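As the structure lists them, so they are numbered: ligands from 1, and atoms in each ligand from 1. We count residues from 1, following the sequence as given. None of the values given here were measured: they were computed from a predicted structure.
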Amino acid sequence: MRASQKDFESALSQVKLLKDPGNEVKLKLYALYKQATEGPCNTPKPGVFDLINKAKWDAWNALGSLPKETARQNYVDLVSGLSSSSDSSSQVKPEADRKQRGYETLVVTSEDSITKIMMNRPAKKNAITTQMYNEIMLALKAASKDDSAITVLTGNGDYYSSGNDLSNFTDIPPEGIEEKAKSSAILLRDFVDCFIDFPKPLIAAVNGPAVGISVTILGLFDTVYASSRATFHTPFSHLGQSPEGCSSYTFPKIMGPAKAAEMLIFGKKLTAAEACAQGLVSEVFPDSTFQKEVWTRLKAYSKLPPNAMRISKQVIRNREKEKLHAINAEESRVLQERWLSDECTNAVMNFLTRKAKL
Ligand SMILES: CCCCC/C=C/C(=O)SCCNC(=O)CCNC(=O)[C@H](O)C(C)(C)COP(=O)(O)OP(=O)(O)OC[C@H]1O[C@@H](n2cnc3c(N)ncnc32)[C@H](O)[C@@H]1OP(=O)(O)O
């Protein structure tokens with residue numbers, strides 16, 4: 001029996017719930033989707049350096065004149081095969097269930113009235129994948145309701161975080177790159193909103209170098225402690241991108257417009273001492289004693305009356321909240337466009353093909 005349009009639409013929804021099937025299968029799905037909806041490949045071949053779009057074009061073009069109905073059927077069959085071979089435990093779980101299983105990209109602990117959220121991809125310098133963005137949001141929501149007095153974000157290994165995982169850009173859905181940019185902008189906005197709205201004192205323990213979004217959101221923390229080994233780098237122009245995390249507002253406010261421009265427009269990397277002198281960091285500790293000194297300090301703070309701390313935070317932050325949400329929305333909208341630019345695509349490809357590092 002031929003797959004109906006309804007079967008096809010149901011397969012399109014189902015595919016979003018499957019665990020990542022890998023790039024080869026994703027290319028097949030993309031090609032079949034394009035063939036089923038638009039017919040044989042009808043766009044110019046992308047340039048040789050445009051690796052992702054070229055791979056997609058090749059996969060679609062390889063289907064030749066396969067009829068639309070057959071492509072639709074093949075798409076439905078492929079998704080159905082993937083669904084049945086996929087272990088149900090690897091599919092997206094409801095929130096409560098995920099909490100029980102714990103986090104895959106984080107280590108979250110609650111002790112001494114402190115909830116510690118530790119980014120835990122040390123081999124990848126704690127680069128933030130889509131999964132990690134989602135898990136940090138879940139962890140913050142849980143911490144806002146648990147009985148801890150303060151919440152701390154830190155990193156495992158030699159980096160605090162190298163920022164957005166650039167391979168996030170390769171996971172293009174069948175609907176195309178515009179859809180990817182749109183969903184990434186929604187993710188970014190939701191992620192930053194969680195920091196704007198976080199009700200308890202939020203502390204960053206910056207254990208090593210910090211890049212991109214892991215730096216920009218520091219303007220939304222209440223206190224930032226840094227190891228003397230930490231650096232602060234926002235190379236947005238190098239990446240064809242633009243500032244996020246409300247840094248277009250918080251950085252000029254914290255350090256003045258001239259210093260903020262050096263960081264956000266020209267990508268000047270700050271040492272921990274410089275970041276402290278400019279007000280982005282509260283205090284720098286020698287790397288050799290960083291953990292001991294920071295946790296001793298935080299344990300003392302966590303004994304202060306929690307309601308008083310919460311209310312003080314509200315008094316300090318609340319009048320800015322509406323403004324910060326509007327800034328976050330605008331920065332996310334601008335970035336959505338930037339992600340579609342040649343400047344951004346080339347920078348990401350150069351990193352992924354090992355031609356460039358920061
Ligand atoms: C959806 C919301 C989007 C929000 C917008 C956010 C924007 C940003 O955050 S912009 C900043 C993006 N980050 C970068 O551009 C950093 C890219 N990384 C690097 O330049 C370097 O990796 C380094 C300087 C951070 C570290 O260099 P090095 O000490 O030489 O270590 P390696 O490069 O060998 O890294 C080890 C391992 O980790 C992978 N990796 C590191 N950072 C990232 C990253 N941001 N994205 C993806 N992968 C990353 C690196 O590729 C290595 O992997 P393997 O080769 O597989 O070992």
Side-chain angles (χ1 to χ4, degrees), residues 23 51-52 105 119-137 153 155-173 177-196 204 206-220 229-248 251 263-271 327-341 343-358:
N23 284 342
L51 296 184
I52 297 174
T105 64
M119 296 174 274
N120 190 32
R121 298 183 72 224
K124 298 286 180 184
K125 312 290 181 195
N126 297 322
I128 310 176
T129 55
T130 301
Q131 182 179 12
M132 197 193 282
Y133 285 112
N134 283 312
E135 291 192 351
I136 292 174
M137 288 192 276
L153 183 65
N156 186 16
D158 61 340
Y159 259 65
Y160 175 67
S161 167
S162 63
N164 190 37
D165 190 308
L166 296 177
S167 63
N168 287 340
F169 289 110
T170 60
D171 186 19
I172 309 296
I177 186 108
E178 282 81 8
E179 188 55 37
K180 177 72 192 175
K182 194 170 153 197
S183 63
S184 301
I186 293 171
L187 177 66
L188 171 63
R189 188 173 167 181
D190 289 348
F191 179 73
V192 175
D193 275 348
C194 283
F195 287 87
I196 297 172
V206 185
N207 53 295
V211 184
I213 190 163
S214 74
V215 177
T216 55
I217 54 169
L218 293 176
L220 301 171
R229 217 172 38 79
T231 51
F232 298 82
H233 196 188
T234 49
F236 298 124
S237 300
H238 299 72
L239 294 166
Q241 298 185 39
S242 50
E244 23 63 356
C246 294
S247 59
S248 63
F251 278 28
M263 280 192 85
L264 297 175
I265 302 178
F266 302 123
K268 182 180 177 193
K269 190 197 284 188
L270 301 191
T271 62
I327 289 158
N328 182 25
E330 174 64 3
E331 287 177 348
S332 304
R333 189 193 62 71
V334 172
L335 254 178
Q336 182 176 336
E337 285 170 18
R338 282 277 89 212
W339 286 326
L340 298 173
S341 70
E343 286 179 347
C344 178
T345 311
N346 291 337
V348 172
M349 286 317 300
N350 283 342
F351 175 74
L352 294 176
T353 55
R354 304 286 182 258
K355 280 197 225 133
K357 262 185 203 182
L358 294 173

* To do: Walk me through it: do Phe232 and Thr271 pass the test side-chain contact (heavy atoms from CB on, under 4.5 Å)?
  => CA-CA 6 Å; Phe232 298 82; Thr271 62; over 6 Å; no
* Decide side-chain hydrogen bond (donor to acceptor under 3.5 Å, both in side chains) for Asn156 and Asn126; before the verdict, give the C-alpha distance in whole Å, the side-chain angles of both, and the deciding distance to 0.1 Å. => CA-CA 7 Å; Asn156 186 16; Asn126 297 322; over 6 Å; no
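For ligand 1, the polar-atom distance check against Gln241 finds no nitrogen or oxygen pair separated by under 3.5 Å. Residue Lys124 has at least one N or O atom closer than 3.5 Å to an N or O atom of ligand 1.
Residue-level proximity to ligand 1 for Phe169 is absent, since no heavy atom of it falls below 4.0 angstrom.
Heavy-atom contacts of Ala127 reach the following atoms of ligand 1: 43 (C), 44 (C), 45 (N), 46 (N) (cutoff under 4.0 Å). Annotation for ligand 1: atoms under 4.0 Å from non-hydrogen atoms of Gly163 are 9 (O). Atoms of ligand 1 lying under 4.0 Å from at least one heavy atom of Ser162, given by number and element, are 12 (C), 13 (N), 14 (C), 16 (C), 25 (C), 41 (C), 42 (N), 43 (C), 44 (C), 45 (N). Atoms of ligand 1 found under 4.0 Å from any heavy atom of Ala123, numbered from 1 in the order shown, are 36 (C), 37 (C), 38 (O). Less than 4.0 angstrom separates some heavy atom of Gly212 from each of these atoms of ligand 1: 8 (C), 9 (O), 10 (S), 11 (C). Those atoms of ligand 1 with a heavy atom of Leu239 less than 4.0 angstrom away are 10 (S), 11 (C), 12 (C), 15 (O). Listed by atom number, the atoms of ligand 1 under 4.0 Å from Trp339 heavy atoms are 3 (C). Close contacts of ligand 1 with Leu188, meaning ligand atoms under 4.0 Å from a residue heavy atom, involve 2 (C), 4 (C).
The option with the heavy atom closest to atom 46 (N) of ligand 1, from among Val215, Val192, Leu166, Ile186, is Leu166. Nearest-residue assignment for atom 45 (N) of ligand 1 (options Asn164, Thr216, Asp190; heavy-atom criterion): Asn164. By heavy-atom distance, the residue among Phe236, Phe351, Tyr159, Phe191 lying nearest atom 17 (C) of ligand 1 is Phe351.
Judged purely by atom type and a 3.5 angstrom limit, Arg229 uses its side chain to pair as donor or acceptor with the backbone of Asp158.
At least one heavy atom of Asp165 sits less than 4.0 Å from an atom of ligand 1. For Tyr133, the closest heavy-atom approach to ligand 1 falls below 4.0 Å.
Annotation: side chain to side chain contact (heavy atoms under 4.5 Å, CB included) contacts of Ser237 (sequence neighbours excluded): Ile265.
Expressed to the nearest 0.5 Å, how far SG of Cys344 lies from CD of Gln241 amounts to 4.0 Å.
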Residues 182-189 side chain polar contacts: donor-acceptor under 3.5 Å, at least two apart:
| residue | atom | partner | partner atom | Å |
| --- | --- | --- | --- | --- |
| Ser183 | OG | Glu179 | O | 3.3 |
| Ser183 | OG | Lys180 | O | 3.2 |
| Ser184 | OG | Lys180 | O | 2.8 |

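Here the closest non-hydrogen pair linking Val192 and Ile217 is CG2-CG2, 4.4 Å.
Taking the side chain as every heavy atom from C-beta outward, Cys246 and Thr216 never approach each other to under 4.5 Å.
Tested against Glu331, the residues Ser247, Ser242, Ser248 include a single side-chain hydrogen bond (donor to acceptor under 3.5 Å, both in side chains) partner, Ser248.
Look at Asp165 and Arg121 and you find a salt bridge, because one of the NZ, NE, NH1 or NH2 atoms lies within 4.0 Å of a carboxylate O, short of that distance.
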